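Reading through the structure tokens given below for one structure.
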Amino acid sequence: MKKSFVFLATGFEEIEALATVDVLRRAGIEVTVVSIYKDRMVTGAHGITVAADVVMAGADFSDCDWLICPGGMPGSEHLAKFEPLTELLKQHNANGGRIAAICAAPAVVLAPLGILDGKKATCYPGFENALAQGGATPVDNRVVVDGNVVTGNGPSSAIPFALTIVKETLGGATSNDVSDGMLC
């Protein structure tokens, strides 16, 4: 199975990143947490410091399935300004690779890159104009799937967002099994 990656930058939304990693690992999906910095330790928007598995410079993206961007501010802004990540996202999308983003990240990270052009997407309330400026059609749902992209609207949607990634990767039965095991 191909690898999936969750990217962390200072100010990331902890629940969105960690719930996604947790759910994907419960489903048996190999997921690597990546710091965009030279240091593996990254502090989230609510002061929780997390040790990433690898730093961006040391990661191998050659066998990549999902590239996943949690939201949070200013975490999403930091991801959007980090050119090695934005180039990776654009290339992965151009090759039909799967991308997921939640909260502010669909609007702040993906939309400016053209990844959402012509797609339906959701985001944290108040960021819809940025989605539209990036060519997306904003949808007021917790989670939206359109082609190779999954978007989520915020922290309370972290588990449904992650379960949708599981469903898109391994099918509904596996997603349901993980959901049932978590009492969702």
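Worth saying up front: this structure is predicted, and the values here are computed from it rather than measured.
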- prompt: When rounded to the nearest 0.5 angstrom, what distance separates CZ in F12 from SG in C103?
  reply: 13.0 Å
query: Do we see a donor-acceptor contact under 3.5 Å between the side chains of T10 and T43?
result: no
Transitive ILVMFWY side-chain link L89 to V55, under 4.5 Å: no
- request: Give the minimum heavy-atom separation between A136 and P138, together with the two atoms involved.
  value: O-CD, 3.4 Å
message: In the structure I gave you, are the side-chain heavy atoms of E13 and H46 within less than 4.5 Å of one another anywhere?
response: yes
task: Drop me the distance from R26's CZ to M182's CE, to the nearest 0.5 angstrom.
output: 4.5 Å
message: Please find the pair of heavy atoms, one from L67 and one from C64, that lie closest to each other, and give the distance.
response: CD2-SG, 3.3 Å
task: Using the side-chain contact (heavy atoms from CB on, under 4.5 Å) rule, take N148 and K119 through it: C-alpha gap first, then chi angles, then the decisive distance, then the call.
output: CA-CA 10 Å; N148 64 319; K119 295 185 182 296; 3.2 Å; yes
- prompt: Do other residues, nucleotides or ligands put more than 12 heavy atoms under 6.0 Å from Y124 OH?
  reply: no
query: Can you list the steps and then say if M56 with F61 is a side-chain contact (heavy atoms from CB on, under 4.5 Å)?
result: CA-CA 10 Å; M56 184 84 175; F61 301 105; 3.8 Å; yes
- request: Begin from the C-alpha positions of E168 and S175 and carry the test side-chain contact (heavy atoms from CB on, under 4.5 Å) through to its verdict.
  value: CA-CA 9 Å; E168 292 296 309; S175 179; over 6 Å; no
- prompt: In terms of heavy-atom contacts, does CG of D140 have more than 12 from other residues, nucleotides or ligands at under 6.0 Å?
  reply: no
- prompt: Under a 4.5 Å cut-off applied to non-hydrogen side-chain atoms, are E77 and V108 in contact?
  reply: yes
query: Between V145, V144, V23, which is the residue that forms a side chain to side chain contact (heavy atoms under 4.5 Å, CB included) with T164?
result: V145
- request: Considering only NZ, NE, NH1 and NH2 on the basic side and carboxylate oxygens on the acidic side, decide whether D53 and K3 come within less than 4.0 Å.
  value: no
- prompt: Taking a hydrophobic cluster as the set of Ile, Leu, Val, Met, Phe, Trp and Tyr residues connected by side-chain heavy atoms closer than 4.5 Å, whether directly or through intermediates, do V178 and L18 fall within one such cluster?
  reply: yes
- request: Pick out which of N141, L131, D146 makes a side chain to side chain contact (heavy atoms under 4.5 Å, CB included) with K120.
  value: D146
query: Taking C-beta and beyond as the side chain, do V42 and V50 meet within less than 4.5 Å on heavy atoms?
result: no
message: Please determine whether side-chain contact (heavy atoms from CB on, under 4.5 Å) holds for the pair I29 and W66, giving the CA-CA distance in whole Å, both sets of side-chain angles, and the decisive distance to 0.1 Å.
response: CA-CA 10 Å; I29 295 172; W66 289 95; 5.6 Å; no
query: Can you check whether T20 reaches P70 side chain to side chain, under 4.5 Å on heavy atoms?
result: no
